[in-house]
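Please read the structure below before turning to the comments.
Per chain, numbering begins at 1; letters A, B, ... match sequence-line order. Basis for what follows: all heavy atoms, side chains included, without hydrogens, waters or symmetry-related copies.
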Protein chains: 2
Amino acid sequence: MENSVRWLTSEEQHAWRSFVRLHEKLGGRLSRLLQTESKVSAADFAVLVHLTDVPEGRQRYQDLARELEWEKSRMSHHIARMAGRGLVVREDCLEDARGAFVVITEAGRAAIEAAAPLHVEAVRSLFLDHVTPAELRTLGEISERVVAKLDEDPS
Amino acid sequence: MENSVRWLTSEEQHAWRSFVRLHEKLGGRLSRLLQTESKVSAADFAVLVHLTDVPEGRQRYQDLARELEWEKSRMSHHIARMAGRGLVVREDCLEDARGAFVVITEAGRAAIEAAAPLHVEAVRSLFLDHVTPAELRTLGEISERVVAKLDEDPS
DNA sequence: GAGTGATGATTGATACGTCAAGCAATCCGG
DNA sequence: CCGGATTGCTTGACGTATCAATCATCACTC
């Protein structure tokens with residue numbers, strides 16, 4: 001048993017546990033909602049959002065993986081499944097024969113347009129509606145700062 | 001296309017996306033750390049924490065599932081795997097022959113005592129160290145309030 | 001006290017994420 | 001150029017999460 005551990009005070013413990021519960025519950029609710037009400041999962045949604053943000057709806061696997069913070073193998077597996085459902089297609093890359101593009105299909109665009117209002121409404125009613133603008137600002141600042149720290153110091 | 005959707009303002013959008021990224025990154029880091037440095041996963045850790053909080057280290061499947069917000073089938077599968085690794089044992093319930101207890105073993109206690117300092121240190125260095133006490137208080141309040149709302153209104 | 005429904009847990013199918021290994025295509029130092 | 005290292009993606013195996021179906025037991029009612 002280490003004696004040098006900086007254990008949490010009870011305030012820290014309480015805040016941390018609440019925060020963890022929030023993540024579990026909110027994340028669970030949102031993805032369950034998307035899953036059951038639309039036909040895209042939270043992961044599908046994230047992919048489709050990025051593809052609609054980009055010219056022609058085409059992006060390299062690696063770029064997509066970097067933006068979503070996914071492993072490349074996860075991207076391969078997931079895109080293969082999405083392609084099977086017709087939401088995207090895989091396209092070979094001419095400039096670099098190793099590479100490949102993910103391209104959103106019409107069905108993909110239709111799926112995300114159908115899911116987006118639902119998702120926004122859920123984010124509002126499950127979260128934003130219960131948080132003041134000042135709190136939201138604080139939360140945004142904390143999130144950005146911590147994410148930056150995590151990026152600085154890779155595991 | 002619905003016209004009545006209350007789309008997010010750019011401030012809301014920014015804060016929300018940062019928050020989601022924090023969720024993804026911090027969760028990923030913590031569970032990866034636990035996984036590689038100790039021999040218990042984040043899920044194992046949560047189970048063991050609850051069992052050490054309770055008399056004799058025994059608790060019913062359903063109670064454990066409720067506290068962790070897990071599905072009962074997840075609990076069954078996971079406890080079966082943990083039992084296979086000797087961290088817990090399953091025990092029949094005398095009062096209700098349908099029910100069963102999960103009981104932490106000595107090996108389970110040893111595992112969590114080994115993992116706890118590491119976990120606390122990670123929570124500090126990856127998160128708490130980058131947040132002021134005031135921010136942490138705000139975060140705790142937000143979390144509690146939103147969790148309460150989510151509990152009120154079941155999906 | 002038999003029938004009906006609810007409860008506590010298990011099981012199997014399927015989907016998903018991660019890891020390590022693999023395979024091409026490309027880059028680059030000599 | 002040529003050979004080894006690197007890059008971009010794929011694959012297979014494994015552990016894990018979810019869903020629906022199942023089974024045994026219990027509770028309630030008539």
How many Å lie between CH2 on A:Trp70 and P on C:dT18, as a whole number?
10 Å
Interatomic distance where CD belongs to A:Glu91 and P belongs to D:dG8 [whole Å]
19 Å
Record whether the side chain of A:Ser76 comes under 3.5 Å of the base of D:dC9 through a donor-acceptor pair of N or O atoms.
no
Can you check whether B:Arg81 has a side-chain N or O nearer than 4.0 Å to OP1 or OP2 of D:dA17?
yes
Looking at A:Glu135 and B:Arg145, is there a salt bridge between them, counting it only when a charged N and a carboxylate O are closer than 4.0 Å?
yes
For B:Leu64 and B:His78, run side-chain contact (heavy atoms from CB on, under 4.5 Å): C-alpha distance rounded to whole Å, both residues' side-chain angles, the deciding distance at 0.1 Å, then the answer.
CA-CA 12 Å; B:Leu64 212 45; B:His78 201 92; over 6 Å; no
Looking at C:dT10, I'd like to know if its phosphate oxygens (OP1 or OP2) sit under 4.0 Å from a side-chain N or O belonging to B:Arg90.
yes
Side chain of A:Gln62: nearest nucleotide among C:dG17, D:dC9, C:dG8?
D:dC9
Round to the nearest Å and state the distance from A:Asp96 atom CG to D:dT7 atom C1'.
8 Å
Measure CD/B:Glu69 against C1'/D:dA17 and give the value in whole Å, please.
16 Å
Selection from C:dT7, D:dT7, C:dC16 that lies nearest to any side-chain heavy atom of A:Arg98:
D:dT7
For the side chain of A:Tyr61, counting heavy atoms from C-beta on, which of C:dT18, D:dT25, D:dC9 is nearest?
D:dC9
Can you check the A:Lys72 NZ to C:dA20 P distance for me, whole Å?
11 Å
Hey, are A:Arg85 and A:Asp44 close enough for a salt bridge, meaning a charged N less than 4.0 Å from a carboxylate O?
yes
With distance as the sole criterion, do the side chain of B:His78 and the base of D:dG15 form a donor-acceptor contact below 3.5 Å?
no
Between P on D:dC26 and CG on B:Asp92, what's the gap in Å once rounded to a whole number?
12 Å
Tell whether A:Ser73 reaches the base of C:dC19 with its side chain through a donor-acceptor pair below 3.5 angstrom.
yes
Determine, step by step, whether B:Asp129 and B:Arg124 satisfy the side-chain contact (heavy atoms from CB on, under 4.5 Å) criterion, reporting the C-alpha distance in whole Å, the side-chain angles of both residues, the deciding distance to 0.1 Å, and the verdict.
CA-CA 5 Å; B:Asp129 283 350; B:Arg124 278 215 183 281; 4.2 Å; yes
Please state whether the phosphate of C:dT18, meaning OP1 or OP2, lies under 4.0 angstrom from any side-chain nitrogen or oxygen of B:Arg32.
no
Atom pair distance, as rounded to whole Å: CD in A:Glu95 and P in D:dG8:
13 Å
On DNA chain D, nearest-nucleotide positions of B:Gln35 versus A:Phe101: which is more 5'?
A:Phe101
Rounded to the nearest angstrom, tell me the gap between atom CE in A:Met75 and atom P in C:dC16.
14 Å
Spatial distance of atom CG (B:Leu87) from atom CZ (B:Phe45) [nearest 0.5 Å]:
13.0 Å
With DNA chain C as reference, determine whether A:Ala97 or A:Ser41 sits nearer its 5' end, using the nearest nucleotide of each.
A:Ser41
Toward the 5' end of DNA chain C, which comes first, B:Asp63 or A:Ala43, by nearest nucleotide?
B:Asp63
Ring centre gap for A:Phe19 and A:His23 strictly below 6.0 Å
yes
Does a side-chain N or O of B:Arg74 approach OP1 or OP2 of D:dC19 to a distance below 4.0 Å, or not?
no
Is it the case that C:dT18 (base atoms only) and A:His77 (side chain only) share a donor and an acceptor within less than 3.5 Å, ignoring hydrogens and angles?
yes
